[in-house]
Number of protein chains: 2
Amino acid sequence: MADNYHHGNLRQALIDTGIRIINEKGEDNLSLRGVAAECGVSRSAPYSHFKDKEELLEAIKGSVNDKFTDELKNACAGTKSADEALIAMGRAYIDFFRRNPDYYTFLFGRQNIVAHLAMDKIHEEDYPPFLLLREMYKKHLKENNLKKSYKEQELDLLKTWAVVHGMASIACMTGVETGIDWDDPDNGVVT
Amino acid sequence: MADNYHHGNLRQALIDTGIRIINEKGEDNLSLRGVAAECGVSRSAPYSHFKDKEELLEAIKGSVNDKFTDELKNACAGTKSADEALIAMGRAYIDFFRRNPDYYTFLFGRQNIVAHLAMDKIHEEDYPPFLLLREMYKKHLKENNLKKSYKEQELDLLKTWAVVHGMASIACMTGVETGIDWDDPDNGVVT
DNA sequence: CAGCCATCTTGACACTGTCAAGTTCGCCAC
DNA sequence: GTGGCGAACTTGACAGTGTCAAGATGGCTG
């Protein structure tokens, strides 16, 4: 049967059902054998597409990261100024992980990002969400006619990222409703 | 032999070697059987002290959390004002996870804290490090003769925790050296 | 048509968490 | 002391896991 052999797009199927399983049952309950089974394929078929279980997880991570980055971009899309965009991004960042708490550990747990990007300092890295933040931040400086030293900019970016990222983490841990008027504080931090 | 039976303090021994293994080989490579073996005890001996592997992990987590809280307290100890104490705590918080990056995921990963403390909102929780932060924050308000609404206080605390926690997370992910003059920014955020 | 080779399968192994049943031994009532 | 209770520990067993080696399949290229 041509059904069993040459599945067609097993690689993508594995990634997709992998994401679904993580959503339904959490990262802990994702097994290579399980993913393979749900794709209607034998236990070691995945080894034709991924060296490791780890490599499949990395691929899934990449996919989730794309979705995350898209949501951040969409949040920016409807805004008229860089200031608005920064606020919208902050909201979207936190919302994303409030809606999918499991993704926080999944994306940021372990040494994933380090392994992926091998960056030395934050401002040298190419983590897409951070690139987006920097871009908007520079726009914000231009629009408001602000001049800052490189050091000051670096610190602003780090602080902004930290506060938003921290809020997301806290929101995931506690399930807290961030009853916060982002229009004020985020701006306060950035400027 | 009295050596095999009634180990004496197996419970604590399991926790201690558990911590050691996590330090040496990471959480992923910690197996119940492994811990038991290193304690010179059979594979299911741990089940006399812990219901689960999860219950052992929780115990280890508690132990690590104690160490973390101690370091924060020690950081406060040498300070003369609440403002100084807050800064010292922020530094200690970030330093702790820069020294032990694995602990970040271990402590804050999954739903650990939620499961542990079952808190609804941040200001109602009893997570020791946060209690310490709030205590120092209130001292800071008193020492500086500041009056703030409950809402404002809540927001200050959340923002402060978020920025410090976020910095810690970022530091763990990136291994970045936080070349930051904490004497300025932290104060700026808190006040 | 021949055969290459990516793709997939089956068999096997070591390792894991967990349970049931049995063993050991300190301790307490008699 | 002696009996035995019960906590602490052991051994045997089972299902599930990641991974590899060897073989089967079948679309593509010559």
Side-chain angles (χ1 to χ4, degrees), chain A residues 1-62 102 105-106 109-112 115, chain B residues 1-62 102 105-106 109-112 115:
Chain A
M1 308 236 167
D3 253 11
N4 283 343
Y5 281 78
H6 301 100
H7 173 288
N9 203 352
L10 182 56
R11 189 193 150 88
Q12 194 57 44
L14 290 168
I15 294 177
D16 291 342
T17 67
I19 291 181
R20 190 167 47 74
I21 290 179
I22 288 179
N23 278 329
E24 289 170 3
K25 308 193 282 180
E27 184 182 355
D28 296 333
N29 298 358
L30 179 135
S31 69
L32 256 188
R33 290 166 110 107
V35 180
E38 288 218 26
C39 288
V41 109
S42 88
R43 58 193 178 265
S44 50
Y47 286 90
S48 293
H49 301 273
F50 303 99
K51 168 178 148 282
D52 256 336
K53 182 187 185 184
E54 194 57 31
E55 206 170 278
L56 169 59
L57 284 176
E58 292 300 326
I60 295 178
K61 228 161 284 174
D102 289 342
T105 314
F106 184 54
R110 324 260 175 251
Q111 329 82 325
N112 297 329
Chain B
M1 305 240 168
D3 252 8
N4 284 343
Y5 282 79
H6 301 99
H7 172 287
N9 204 353
L10 181 55
R11 189 191 150 87
Q12 193 57 45
L14 289 169
I15 293 177
D16 291 343
T17 67
I19 291 181
R20 189 167 48 73
I21 290 179
I22 288 179
N23 278 330
E24 288 170 4
K25 307 192 281 178
E27 183 182 356
D28 296 333
N29 298 358
L30 177 135
S31 70
L32 256 187
R33 289 166 111 106
V35 180
E38 287 218 25
C39 288
V41 108
S42 88
R43 57 193 178 263
S44 50
Y47 286 91
S48 294
H49 302 273
F50 304 98
K51 165 178 149 285
D52 260 332
K53 183 188 185 183
E54 193 57 32
E55 205 168 278
L56 170 59
L57 284 176
E58 292 300 325
I60 294 178
K61 228 160 282 177
D102 289 342
T105 313
F106 184 55
R110 324 258 176 253
Q111 331 82 327
N112 298 329

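Reckoned from all heavy atoms, side chains included, excluding hydrogens, waters and symmetry mates. Just so it is clear: chains get the letters A, B, ... in the order the sequence lines come, proteins before strands, and each one is counted from 1.
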Rounded interatomic separation in angstrom, taking [atom1] from [X] and [atom2] from [N]:
X: B:Asn29; N: D:dT17; atom1: CG; atom2: C1'; value: 15 Å
X: B:Arg11; N: D:dC9; atom1: CZ; atom2: P; value: 13 Å
X: B:Glu54; N: C:dT16; atom1: CD; atom2: C1'; value: 15 Å
X: B:Asp28; N: C:dT16; atom1: CG; atom2: P; value: 13 Å
X: A:Glu55; N: D:dC20; atom1: CD; atom2: C1'; value: 16 Å
X: B:Leu56; N: C:dT18; atom1: CG; atom2: P; value: 10 Å
X: B:Ile21; N: C:dC15; atom1: CD1; atom2: P; value: 15 Å
X: B:Leu57; N: C:dG17; atom1: CG; atom2: C1'; value: 12 Å

Quiz item: Less than 3.5 Å between a donor and an acceptor, one on the side chain of B:Arg33 and one on the base of C:dG17, is that the case here?
Solution: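 Flag set: donor-acceptor pair detected.
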Exercise. For B:Asp102 and B:Asn23, run side chain to side chain contact (heavy atoms under 4.5 Å, CB included): C-alpha distance rounded to whole Å, both residues' side-chain angles, the deciding distance at 0.1 Å, then the answer.
Key: CA-CA 8 Å; B:Asp102 289 342; B:Asn23 278 330; over 6 Å; no
Quiz item: Considering only C:dC8, C:dG17, D:dG18, which nucleotide approaches the side chain of A:Leu10 most closely?
Solution: C:dC8
Practice problem: Run the numbers on B:Leu57 and B:Glu54 for side chain to side chain contact (heavy atoms under 4.5 Å, CB included), then give the verdict. | Solution: CA-CA 5 Å; B:Leu57 284 176; B:Glu54 193 57 32; 4.1 Å; yes
Quiz item: What distance do B:Asp16 atom CG and B:Glu38 atom CD have between them, rounded to the nearest 0.5 Å?
Solution: 12.0 Å
Exercise. Report the C-alpha distance between A:Leu30 and A:Glu27 in whole Å, list the side-chain angles of each, state the deciding distance to 0.1 Å, and finish with yes or no for side chain to side chain contact (heavy atoms under 4.5 Å, CB included).
Key: CA-CA 5 Å; A:Leu30 179 135; A:Glu27 184 182 355; 5.6 Å; no
Exercise. Give, ordered by number, those residues of residues 42-51 of chain B having at least one heavy-atom distance below 4.0 Å to an atom of DNA chain D; if nothing qualifies, reply none.
Key: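 The answer is B:Ser42, B:Arg43, B:Ser44, B:Ala45, B:Ser48, B:His49.
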Practice problem: Walk me through it: do A:Phe106 and A:Ile19 pass the test side chain to side chain contact (heavy atoms under 4.5 Å, CB included)? | Solution: CA-CA 11 Å; A:Phe106 184 54; A:Ile19 291 181; over 6 Å; no
Quiz item: Is a side-chain donor or acceptor of B:Ser44 paired with a backbone partner of B:Tyr47 at a separation under 3.5 angstrom?
Solution: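 No, B:Ser44 side chain to B:Tyr47 backbone: no donor-acceptor pair under 3.5 Å.
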